[in-house]
A.B. asks: 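One structure is given below, represented as structure tokens, and several questions about it will come after.
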Amino acid sequence: MTISHDKIAPLVALLDMPQRVVITIHYNPDGDSLGSSLALYHLLTAKGHSVEILAPNTPPPFYGWLPSFGIVRDFLAETAVCVDLIENATMLFSMDYNELSRAGKMEAHLRNAKVPLVLIDHHPDPEDCTPFLFSDTKVSSASELTYQFIRAMYPNDVLSTKVAECIFTGIMTDTGMFQHNSSRPETFRIVADLLECGIDKDKIKGKVFDTSTTDRLRLTGFCLSEKMVVMPELHAGYIALSMAELARFNFQKGDQEGMVNYPLKVDGLCFSALVVESEELIKISMRSKGNFDVNKLMRKHFEGGGHRNAAGGRSYDTLENTVNKLEDVLAMYKAELALTHKDTTEC
Ligand code: 5GP
Ligand code: MN
């Protein structure tokens with residue numbers, strides 16, 4: 001997206017004076033929401049603003065190495081402090097989410113706020129909730145758009161290595177190390193600039209992708225050898241995990257990260273899902289290839305949403321009923337899945 005001078009001029013003027021900035025990110029924060037918000041945090045604190053980052057629930061501890069990860073507050077754990085921060089903010093940012101409901105219990109507080117709210121995101125159909133909406137579904141990640149936003153706001157700045165590391169982490173995690181949504185040359189021009197700002201790409205890649213616990217890796221093995229269900233006639237596959245199975249592998253929040261991608265590696269499949277049972281709900285992740293739209297499917301059947309090829313949702317039914325429903329829903333999309341399979345395999 002081209003970020004016009006007219007659109008950012010009021011924000012440049014506002015940030016010319018010290019502000020109390022509160023940055024919020026989406027429920028179940030990921031590398032992109034943490035990367036984009038921490039990049040903004042480092043940039044704005046260096047410019048003399050007071051900056052807070054609020055997450056709707058606990059961020060995964062395996063991102064603990066991100067510079068200043070420790071400042072991210074968990075709204076559920078510190079509700080009163082966080083409400084106070086939002087109410088006293090002079091400027092709000094919403095990073096990596098397209099509807100205020102994705103901010104969990106912070107939603108009402110954000111809706112009531114009377115100060116400028118800047119939304120930077122790359123999910124489809126953004127909510128029309130602010131005049132400062134920066135949304136582009138073509139970019140790889142909210143972090144890429146944050147880079148463009150920062151460059152537009154401060155064209156003469158040299159980015160600090162910390163800012164660059166956070167942005168790179170967001171781009172790298174949302175693209176799965178440049179496997180998805182990363183065919184635009186512009187993404188690589190930005191990465192080239194980040195390398196020139198001094199990031200150590202291999203170190204960051206190692207921190208994100210090569211730090212599994214033994215239990216986590218063994219859980220992956222268990223999923224692939226015992227739990228992956230492949231339905232060749234539907235070009236679909238899924239993995240469903242009960243709480244008892246997770247307990248066998250001392251499951252920690254985030255251990256399932258990336259697991260949903262495995263069924264898509266099977267030749268002939270263009271849809272995959274991961275269904276994970278927990279005390280409160282059943283979390284569903286979906287991934288697809290080509291034009292098969294899991295955002296729409298999630299919205300219609302599993303109270304969720306996301307992107308065309310990556311979406312999340314939930315069920316409050318039993319694991320067994322949820323899996324049965326998933327299979328029934330997929331059967332309804334048989335023709336569409338067959339067409340996607342044809343489209344994605346034809347050269
Ligand atoms: P994941 O499967 O990794 O949780 O999510 C995949 C993508 O869908 C991410 O971009 C995530 O932000 C988005 N997403 C996950 N859950 C939801 C949801 O409940 N609603 C919406 N709108 N997006 C979601
Ligand atoms: Mn994202």
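Atoms within each ligand, like the ligands themselves, are counted from 1 in listed order.
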A.B. asks: Can we call the ring centroids of Y333 and F292 under 6.0 Å apart?
C.D. replies: yes
A.B. asks: Got the residues with a heavy atom under 4.0 Å of ligand 1, by chain and number?
C.D. replies: H26, R102, H123, K283, S285, R287, R299, G304, G305, G306, H307, A310, A311, G312, R314
A.B. asks: Please confirm whether the backbone N or O of T318 pairs with a side-chain atom of N321, one donor and one acceptor, at under 3.5 Å?
C.D. replies: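 No, the answer is negative, given that no donor and acceptor are paired below the 3.5 Å cut-off.
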A.B. asks: Any chance CD of E78 has more than 12 other-residue heavy atoms, nucleotides or ligands included, within less than 6.0 Å?
C.D. replies: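 Atom CD in E78 is crowded, with more than 12 foreign heavy atoms closer than 6.0 Å.
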A.B. asks: State whether R111 and E127 are salt-bridged, where the test is any N-O pair (Lys NZ or Arg NE/NH1/NH2 against Asp/Glu carboxylate O) under 4.0 Å.
C.D. replies: yes
A.B. asks: Going through the distances and angles, do F149 and F134 end up as a ring pair (Phe, Tyr, Trp, His ring centres under 6.0 Å)?
C.D. replies: CA-CA 8 Å; F149 177 79; F134 299 92; 5.2 Å; yes
A.B. asks: When Ile, Leu, Val, Met, Phe, Trp and Tyr are grouped by side-chain heavy atoms lying under 4.5 Å apart, directly or through other members, which residues fall in the same group as L281?
C.D. replies: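 Y316, all in the cluster of L281.
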A.B. asks: Can any side-chain N or O of R299 pair as donor or acceptor with the backbone N or O of G313 at less than 3.5 Å?
C.D. replies: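 It does not hold such a pair.
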A.B. asks: Provide the tally of protein N/O/S atoms nearer than 2.8 Å to the Mn ion (ligand 2).
C.D. replies: 4
A.B. asks: Under 4.0 Å between a Lys/Arg side-chain N and an Asp/Glu carboxylate O for D317 and K325?
C.D. replies: no
A.B. asks: Considering only Ile, Leu, Val, Met, Phe, Trp and Tyr, and joining two whenever side-chain heavy atoms are under 4.5 Å apart, list the other residues clustered with Y97.
C.D. replies: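 Taking Ile, Leu, Val, Met, Phe, Trp and Tyr as members, Y97 shares its hydrophobic cluster with V22, L54, F75, V81, V83, L85, I86, L92, L100, M106, L110, V115, L117, L119, L133.
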